[in-house]
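As C-alpha cells, the structure follows; a few thoughts come after it.
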Amino acid sequence: MKAVRVHEYHSDPKIDDIPEPELQGPLDVIVKIGGAGVCRTDLHIINGDWAEAQNPTLPYVIGHENAGWIEAVGDGVTNVAVGDTVILHPQPSCGLCLACRRGRDMQCENAFFPGLSNNDGGMAEYLRTTARACIKLDPNTNPADVAALADAGITAYHAVRKAVPDLYPGTTAVVQGAGGLGHIAIQTLAAITGTRIVVVDKNPDALALAKQIGADETVQADGNHVDAVKDLTNGRGGDVVFDFVAEQGAELDAWQMTAPAGSQYILGYGGEFKAPTLDFVGGEKNVIGNIVGTYADLTELMVLAQAGKVTLHTKQYPLDAALDALHDLDAGRVRGRAILVP
C-alpha cells in the first residue's frame with residue numbers, strides 16, 4: 001500500500017510502498033482509510049518536536065485523524081463488523097487502568113497513539129488500531145468529511161465542554177486562531193453555550209469564515225488585537241480564552257485578553273507561557289492545558305456533526321499530494337482542515 005512516512009526529522013516525508021498492516025491481537029481492527037486529516041502536530045512531528053516524548057522508530061507512517069471502513073477484525077471484536085463506517089479515537093486506551101476507569105482516556109497507562117508513538121498512523125491506505133478506538137457512523141457518512149473531528153474536532157470540543165459551566169449567557173468567549181481547531185470550537189460554542197463569541201485571527205479569510213459559522217465579533221490580529229478585545233468587553237477581556245495558537249507571543253496575548261477570574265485554555269503549543277505570580281493571585285486567573293479528549297467527547301461531537309450543528313470545512317488532497325497538503329498547511333493556505341483521501 002502507499003503510505004506517508006517520516007524517514008528523518010527536519011526533512012519532507014516520503015510516499016512509500018509498504019506492506020499492508022495485519023491483525024496482531026483479538027481486539028485489533030484493520031481500517032480502510034477514507035480520509036486522514038493533516039494536522040499542525042504532523043508538522044511538529046516532522047520537525048522532531050515529539051521525538052523525545054514518543055520515540056518512534058524511523059521510518060514510520062504519520063496521521064492521527066482517521067476515518068474509514070472496517071476491513072478486518074480480530075476474534076474478540078464485537079462492537080464493529082467488516083464494512084462498518086467508523087471514525088477512530090486517536091489514542092486507543094486499555095480500559096483496565098485507573099485512568100481508563102475514570103474515563104480519562106488520554107492518561108491511559110497502556111495506550112498507543114498511531115501516527116505519534118511507535119505505531120504507524122493513517123496517512124496510508126490501511127491502518128491497524130483496536131476496537132476500542134472505533135465509533136460506528138451512519139453508513140452514508142463520507143469518512144473524508146469527518147476524519148479531522150478525530151483530533152482537531154475532539155480537542156476543540158473537549159476544551160469547550162470543560163468550560164461550559166463558565167460560559168452562561170452574558171459571558172464572552174474569545175477564540176484565538178480560527179483554523180482547523182478554532183473553527184470547530186466556534187461552532188461548538190454556538191451549539192452548546194449561550195456565550196458571546198469573539199474570534200481573533202491574522203487572516204481575513206479565516207475571520208470571514210468565523211462570522212459565517214457563529215462568531216458574534218471578529219478581531220484581526222494586527223498588533224492592536226488585545227486592546228480591541230478589551231474594547232469589546234468593557235475593558236475586562238474574555239471570561240474564557242481558547243488559545244489555538246500558543247506560540248510566537250500569542251500565548252501571552254491570550255493571557256492579557258483573559259478577564260479577572262477568567263480562564264485561559266491552551267490548546268496550541270510551541271511557545272512558552274510566563275506571567276507574574278501576582279497576576280494569578282490578584283486576578284484569580286486560571287491557565288488550563290488540553291490534550292485531545294475522551295472517547296465520550298468524540299461520541300458527543302459526532303452527534304452534533306451528524307445533526308449538522310458542527311461541520312468541518314475542508315480542502316481535500318489525494319494521498320499522492322500529501323507533501324502539498326503539508327506545505328499548504330505550513331504556509332497558512334488551508335482554511336479549515338486539509339484531508340488526504342487515498
Side-chain angles (χ1 to χ4, degrees), residues 89 93 98-107 149 151-178 181-200 210 213-219 226 229-230 232-246 250-251 253-269 273 275 277 279-307 309-310:
H89 189 280
S93 55
L98 192 55
C100 283
R101 297 291 190 178
R102 289 173 172 159
R104 291 167 36 207
D105 304 53
M106 295 308 298
Q107 283 78 50
L149 293 178
D151 180 39
I154 189 178
T155 302
Y157 180 84
H158 180 62
V160 172
R161 187 75 166 78
K162 288 196 295 187
V164 163
D166 297 323
L167 294 176
Y168 46 85
T171 61
T172 297
V174 177
V175 176
Q176 179 168 250
L181 280 76
H183 88 288
I184 298 298
I186 294 163
Q187 295 174 79
T188 303
L189 286 163
I192 68 174
T193 79
T195 195
R196 180 172 68 144
I197 305 166
V198 177
V199 178
V200 180
I213 59 178
D216 297 295
E217 306 282 352
T218 59
V219 173
V226 173
V229 168
K230 290 191 173 181
L232 289 170
T233 54
N234 297 318
R236 294 185 70 253
D239 298 284
V240 177
V241 177
F242 299 96
D243 184 6
F244 293 99
V245 183
E251 64 276 23
D253 291 344
W255 179 247
Q256 295 302 319
M257 289 188 281
T258 303
S263 296
Q264 176 183 349
Y265 283 72
I266 299 179
L267 297 103
Y269 59 93
F273 180 85
T277 50
D279 283 2
F280 287 91
V281 175
E284 287 195 320
K285 292 183 179 183
N286 307 297
V287 177
I288 301 170
N290 297 267
I291 180 71
V292 193
T294 67
Y295 183 93
D297 287 332
L298 187 53
T299 63
E300 292 173 15
L301 177 60
M302 294 313 300
V303 172
L304 293 179
Q306 298 201 319
K309 294 182 179 180
V310 172

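The residues of the chain are indexed from 1 along the displayed sequence. Predicted, not measured: the structure shown is a model, and the values here were computed from it.
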**Ile288 and Lys162, any side-chain heavy atoms less than 4.5 Å apart** =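 Contact flag for Lys162/Ile288 side chains = yes.
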
What's the spacing between [X] [atom1] and [Y] [atom2] if we round to 0.5 Å?
| X | Y | atom1 | atom2 | answer |
| --- | --- | --- | --- | --- |
| Thr218 | Ile197 | OG1 | CD1 | 12.5 Å |
| Asp297 | Thr294 | CG | OG1 | 3.0 Å |
| Tyr265 | Thr155 | OH | OG1 | 14.5 Å |
| Tyr269 | Asn290 | OH | CG | 13.5 Å |
| Leu232 | Met257 | CG | CE | 11.5 Å |
| Thr258 | Asp279 | OG1 | CG | 10.5 Å |

Looking only at non-hydrogen atoms, find the nearest pair between [X] and [Y] and report the distance.
| X | Y | value |
| --- | --- | --- |
| Ile192 | Tyr157 | CD1-CE1, 4.2 Å |
| Ile186 | Ala210 | CD1-CB, 3.8 Å |
| Val174 | Gly238 | CG2-CA, 3.9 Å |
| Ala156 | Ala185 | CB-N, 3.8 Å |
| Gly237 | Ala259 | O-CB, 3.7 Å |
| Ala215 | Val199 | CB-CG2, 3.5 Å |

**Request:** Sequence neighbours left out, what passes side chain to side chain contact (heavy atoms under 4.5 Å, CB included) with Arg102? Give chain and number order.
**Result:**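 With neighbours one apart ignored, the set is Leu98, Arg104.
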
**Message:** Applying side chain to side chain donor-acceptor pair (under 3.5 Å) as the test, list every pair that has at least one member in residues 232-245; sequence neighbours left out.
**Reply:**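 Side chain to side chain donor-acceptor pair (under 3.5 Å) check on residues 232-245 returns Gln176-Asp243, Arg236-Asp239.
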
**Message:** I'd like to know whether Met106 forms a side-chain contact (heavy atoms from CB on, under 4.5 Å) with His89, so could you lay out the CA-CA distance, the side-chain angles of the two residues, the decisive distance to 0.1 Å, and finally the verdict.
**Reply:** CA-CA 10 Å; Met106 295 308 298; His89 189 280; 3.9 Å; yes

Side-chain donor/acceptor pairs under 3.5 Å, residues 163-171, sequence neighbours excluded:
unit_1 : atom_1 : unit_2 : atom_2 : d
Thr171 : OG1    : Tyr168 : O      : 2.6
Thr171 : OG1    : Thr195 : OG1    : 2.9

**Asked** Parallel, tilted or perpendicular for Trp255 and Phe273, by the 30°/60° rule?
**Response**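 Trp255 and Phe273: perpendicular rings.
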
**Prompt:** For Val287 and Phe280, what are the C-alpha separation, side-chain angles and deciding distance, and is it a side-chain contact (heavy atoms from CB on, under 4.5 Å)?
**Reply:** CA-CA 9 Å; Val287 177; Phe280 287 91; 3.9 Å; yes

**Item:** Stepwise side-chain contact (heavy atoms from CB on, under 4.5 Å) test for Gln187 and Lys309
**Value:** CA-CA 7 Å; Gln187 295 174 79; Lys309 294 182 179 180; over 6 Å; no

